[in-house]
Amino acid sequence: MALTAAVGIGLLSSSAIALDAPEGPVILVISGNVGQPNVGDEAHFDKAMLEILAQHETVTRTPWYDGEVRFIGPLGRAVLNAAGATGDNMRVVALNEYAATIPVTDFENLDVILAMQANGKTLRIRDQGPLFVIYPFDKHPELLNEEIFSRSVWQVKRIEVE
Ligand SMILES: Nc1nc2c(c(=O)[nH]1)N[C@H]1C(S)=C(S)[C@@H](COP(=O)(O)O)O[C@H]1N2
Ligand SMILES: [Mo]
């Protein structure tokens, strides 16, 4: 009985945040195991849809900028959650078709963000935007390695969840 009630509440709360259809240009497509699709069987996001998710700030040094940068964007797990996306691994694909495989546990266990801003400025395509996978390097110096750098995909356009 208690279990049934808990499952019922879980279903209600996830369906209560059904994903709206994008109105502006689509900057991110999530495909694969997507439980909240809004275009066919995929979840498409415009900029506004990513901006209404809770924004997380990561202040860190990185191999790609001089000194500390203040990155802002939604948490990776919040974006997956909004899409109802579940799985073990993600193939994160960039505008130039560079792709990296990221274990979903990285987004669950670490505050990895899809950065949309750096030092208060919107990341344009020419600045590695519109979305840049940013790990919290300064909080977790063990992340400073080539494997995590390779997962730090910039100009992200698509996430395929398997
Ligand atoms: N969009 C995109 N992101 C990318 C890459 C890429 O080629 N394209 N290379 C990755 C790899 S393999 C690493 S090691 C780092 C490379 O950063 P660097 O070229 O500044 O050394 O970025 C990662 N993110
Ligand atoms: Mo790399």
Side-chain angles (χ1 to χ4, degrees), residues 19 22 24-34 36-162:
L19 198 60
V26 172
I27 60 173
L28 176 68
V29 172
I30 303 191
S31 63
N33 292 332
V34 169
Q36 296 277 23
N38 60 357
V39 177
D41 55 6
E42 301 176 332
H44 290 208
F45 291 85
D46 62 21
K47 194 164 181 265
M49 291 167 69
L50 294 169
E51 285 170 345
I52 58 168
L53 299 175
Q55 301 295 296
H56 183 90
E57 181 180 281
T58 297
V59 179
T60 187
R61 287 164 295 172
T62 66
W64 306 287
Y65 297 85
D66 288 333
E68 277 189 347
V69 172
R70 190 169 57 93
F71 295 97
I72 293 179
L75 287 165
R77 59 177 168 275
V79 177
L80 293 184
N81 203 33
T86 54
D88 296 331
N89 287 290
M90 301 169 275
R91 192 163 167 275
V92 179
V93 185
L95 290 170
N96 69 347
E97 301 299 331
Y98 172 84
T101 298
I102 302 182
V104 171
T105 49
D106 277 15
F107 282 12
E108 289 167 352
N109 301 338
L110 294 162
D111 289 340
V112 181
I113 67 172
L114 298 185
M116 306 178 74
Q117 282 185 29
N119 290 337
K121 288 192 180 152
T122 296
L123 288 170
R124 301 165 300 176
I125 290 173
R126 73 190 75 166
D127 317 304
Q128 291 150 322
L131 299 169
F132 192 163
V133 175
I134 294 290
Y135 282 76
F137 293 107
D138 278 10
K139 273 195 191 151
H140 301 274
E142 70 277 13
L143 295 172
L144 291 164
N145 63 71
E146 196 56 41
E147 184 170 44
I148 299 298
F149 297 156
S150 76
R151 295 177 187 171
S152 301
V153 183
W154 59 77
Q155 297 176 331
V156 172
K157 66 167 182 188
R158 182 175 196 98
I159 300 177
E160 299 161 9
V161 188
E162 289 133 24

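Every number for a ligand or one of its atoms is a count from 1 in the order of the listing. These values consider heavy atoms only, across backbone and side chains, with no hydrogens, waters or symmetry-generated copies.
- In this structure, Phe132 and Tyr65 have tilted ring planes: the angle between them lies in the 30° to 60° band.
- In this structure, Glu51 CD and Thr122 OG1 are separated by 7.0 Å, a value rounded to the nearest 0.5 Å.
- Rounding to the nearest 0.5 Å gives a distance of 9.5 Å between CZ of Phe45 and CG of Leu114.
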So what's ligand 1 close to, N/O to N/O, under 3.5 Å?
unit_1	atom_1	unit_2	atom_2	d
ligand 1	1 (N)	Trp154	O	2.7
ligand 1	1 (N)	Trp154	NE1	3.4
ligand 1	3 (N)	Trp154	N	3.2
ligand 1	17 (O)	Trp64	NE1	2.8
ligand 1	20 (O)	Trp64	NE1	3.1
ligand 1	24 (N)	Ser152	O	2.9

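- Every residue two or more places apart in sequence or in another chain that forms a side-chain contact (heavy atoms from CB on, under 4.5 Å) with Arg124 is listed here: Arg126, Asp127.
- Within the structure, side chain to side chain donor-acceptor pair (under 3.5 Å) pairs that include any residue of residues 98-107 comprise Asp106-Tyr135, Asp106-Arg151 (at least two apart or interchain).
- For Asp138, the side chain to side chain donor-acceptor pair (under 3.5 Å) partners at least two apart in sequence or on another chain are Thr60, Arg61.
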